[in-house]
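Both backbone and side-chain heavy atoms feed into the values below; hydrogens, waters and symmetry mates do not. This structure is a prediction, so every number in the text was calculated from the model and none was measured.
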Amino acid sequence: MTDSAASAELTSTVPPITGRPELLARWLYSVAAVIVVMVIVGGITRLTESGLSITEWKPVTGAIPPLNDAQWQAEFDAYKQIGEYQQVSGPAGMTLADYKFIYFWEWFHRLLGRFIGLIYALPLAWFWIKNYIPTGYKWRLVALLALGGLQGTFGWYMVRSGLSTEMTDVSHFWLSIHLLTALFTLGGLVWTALDLGRLAAIPNARPAKFTGMAWAVSAILFIQLLLGAWVAGLNAGLASDTWPLMQDRLVPEFDLTKGWFWAITHDPYLLHFLHRWWAWVAVAALIILSRKVRPFDRRASIAIHSAFGIQIILGIATVWTGVDLWIATAHQGVGALLVAATAWGMHLIGRTA
């Protein structure tokens, strides 16, 4: 068989690429990057106690902040009706200027959410109309859009859980749902972008499979992220400013009067303890994953090692500094990068499954 005949036969067996997978992959990576920024801003919003500063959810008109003194006073008066002001910030002497500071972070956090919705939904509609979406990917891109919508809804339910005269903070359960949905969406964006990027390089490439190892690593990492969200929601990071000991002992005292289930889901000392030590289970799982990944792409292995290494250092520094704003924010931001790196590693393994 001549070279030209062999080339013609190969070409006939490989289906042509439909759509513009490389373009879509770049778009999804861009959206994922903005979500990482969103997670960081969300961390600042939480750590500055700004989350309850806006007491209404106005998806469209809420994008415009107060523009005059009367509007600012109206927003401040609404904030004064909730328990956070009446029991915490009011007695601490909050002024209108102080209120404007916390309002900014919650407003900016919501604005970023709107921005993400626009940079996802509008290009998706355009790609759909132009028939740029490869076969089999429309449903996945719509599912990611739905996740984004759920994220906004969960964010409002989280805020609403703290809007009463009895509560001084949002529910840590709703906070965990809000954060973990964002991280799950981030992982989905990265995974889909990797599938599309591979499709652009290999026209007959199939989407990567979610392997047994991926399920195991995901479950371990999910527990660690859930514990971290509960620690954040309950301000349990302040339960100890020493490491590795708490209260001069390895296992701190915690409240079991309401049973183990209540303690595991509510007690700040136990949750802090579990979060700091389950981290090493997660590290072990991630080391195994990165070793499996290394033969396929050394860069992914380095990314996983770097992310969890920096994350551990930032976690310890957060404890030692009594939850310093910027260190704790960096801890949450690197957590998002760890999710992205882990998705990359699991995708590499799923390509050969």
Note, [X] side chain near [Y] side chain (heavy atom, < 4.5 Å):
X: Glu49; Y: Asn235; value: yes
X: Arg20; Y: Lys130; value: no
X: Asn68; Y: Trp72; value: no
X: Leu196; Y: Leu28; value: yes
X: Tyr269; Y: Gln247; value: yes
X: Leu348; Y: Leu194; value: no
X: Arg351; Y: Phe296; value: no
X: Tyr137; Y: Leu24; value: no

Backbone N or O of [Y] within a donor-acceptor pair of the [X] side chain at under 3.5 Å?
X: Gln311; Y: Leu338; value: no
X: Gln81; Y: Asp77; value: yes
X: Gln87; Y: Thr168; value: no
X: Thr153; Y: Gly149; value: yes
X: Gln86; Y: Thr165; value: no
X: Arg276; Y: Pro244; value: yes
X: Asp267; Y: Trp262; value: no
X: Tyr120; Y: Leu141; value: yes
X: Ser161; Y: Met158; value: yes
X: His275; Y: Ala236; value: no

Do you know which two heavy atoms are closest between [X] and [Y], and how far apart they sit?
X: Ala328; Y: Leu47; result: CB-CD1, 3.6 Å
X: Leu189; Y: Ile35; result: CD1-CD1, 3.3 Å
X: Leu245; Y: Leu250; result: CD2-N, 3.8 Å
X: Val293; Y: Ala300; result: CG1-CB, 3.5 Å
X: Pro207; Y: Arg140; result: CB-NH2, 3.6 Å
X: Leu118; Y: Pro123; result: O-CD, 3.4 Å

Test applied, ring-ring contact (aromatic ring centres under 6.0 Å, His included); reference residue, Trp191; option that passes from Tyr29, Phe184, Phe210: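 So the option named by the test is Phe210.
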If we check ring-ring contact (aromatic ring centres under 6.0 Å, His included) with His266, which of these qualifies: Phe254, Trp260, Phe173?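 That would be Phe173.
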Please verify the inter-ring angle class for [X] with [Y]; under 30° counts as parallel, over 60° as perpendicular, anything in between as tilted.
X: Phe104; Y: Phe108; answer: parallel
X: Trp280; Y: Trp277; answer: tilted
X: Phe127; Y: Tyr132; answer: tilted

Does atom [atom1] of [X] have more than 12 heavy-atom neighbours, drawn from other residues, nucleotides or ligands, at distances under 6.0 Å?
X: Lys209; atom1: NZ; result: no
X: Trp57; atom1: CH2; result: yes
X: Ile64; atom1: CD1; result: no
X: Arg114; atom1: CZ; result: yes
X: Glu56; atom1: CD; result: no

Would you sort out whether Val142 and Trp128 count as a side chain to side chain contact (heavy atoms under 4.5 Å, CB included), showing the intermediate values? CA-CA 11 Å; Val142 171; Trp128 198 297; 3.5 Å; yes
Chi angles and distances behind the side-chain hydrogen bond (donor to acceptor under 3.5 Å, both in side chains) call for Tyr79, Ser89: CA-CA 10 Å; Tyr79 176 67; Ser89 53; 3.1 Å; yes
Is [X] linked to [Y] within one hydrophobic cluster, defined over Ile, Leu, Val, Met, Phe, Trp and Tyr using a side-chain heavy-atom separation of less than 4.5 Å?
X: Ile287; Y: Val334; value: no
X: Val37; Y: Ile310; value: no
X: Met213; Y: Leu221; value: yes
X: Leu274; Y: Leu238; value: yes
X: Val217; Y: Ile302; value: no

How far does [atom1] of [X] sit from [atom2] of [Y], to the nearest 0.5 angstrom?
X: Ile304; Y: Met346; atom1: CD1; atom2: CE; value: 8.5 Å
X: Ser53; Y: Trp107; atom1: OG; atom2: CH2; value: 12.0 Å
X: Lys292; Y: Thr211; atom1: NZ; atom2: OG1; value: 10.0 Å
X: Thr181; Y: Leu186; atom1: OG1; atom2: CG; value: 12.5 Å
X: Leu163; Y: Ile82; atom1: CG; atom2: CD1; value: 5.5 Å
X: Asp169; Y: Leu52; atom1: CG; atom2: CG; value: 6.5 Å

Check against side chain to side chain contact (heavy atoms under 4.5 Å, CB included), Ser176 and His172: CA-CA 6 Å; Ser176 65; His172 63 290; over 6 Å; no
Test log, rule side chain to side chain contact (heavy atoms under 4.5 Å, CB included), inputs Ile327 and Trp320: CA-CA 10 Å; Ile327 294 177; Trp320 279 347; over 6 Å; no
Step by step, work out the side-chain hydrogen bond (donor to acceptor under 3.5 Å, both in side chains) result for Thr45 and Trp105. CA-CA 5 Å; Thr45 302; Trp105 285 111; over 6 Å; no
Report the C-alpha distance between Trp156 and Arg110 in whole Å, list the side-chain angles of each, state the deciding distance to 0.1 Å, and finish with yes or no for side chain to side chain contact (heavy atoms under 4.5 Å, CB included). CA-CA 10 Å; Trp156 171 244; Arg110 296 189 188 192; 4.1 Å; yes
Run the salt-bridge test on Asp195 and Arg206 with the 4.0 Å N-O cut-off and return the result as yes or no.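 Looking at Asp195 and Arg206, the cut-off is not met.
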Does Asp69 form a side-chain hydrogen bond (donor to acceptor under 3.5 Å, both in side chains) with Gln73? I'd like the steps, not just the answer. CA-CA 6 Å; Asp69 291 342; Gln73 191 60 53; over 6 Å; no
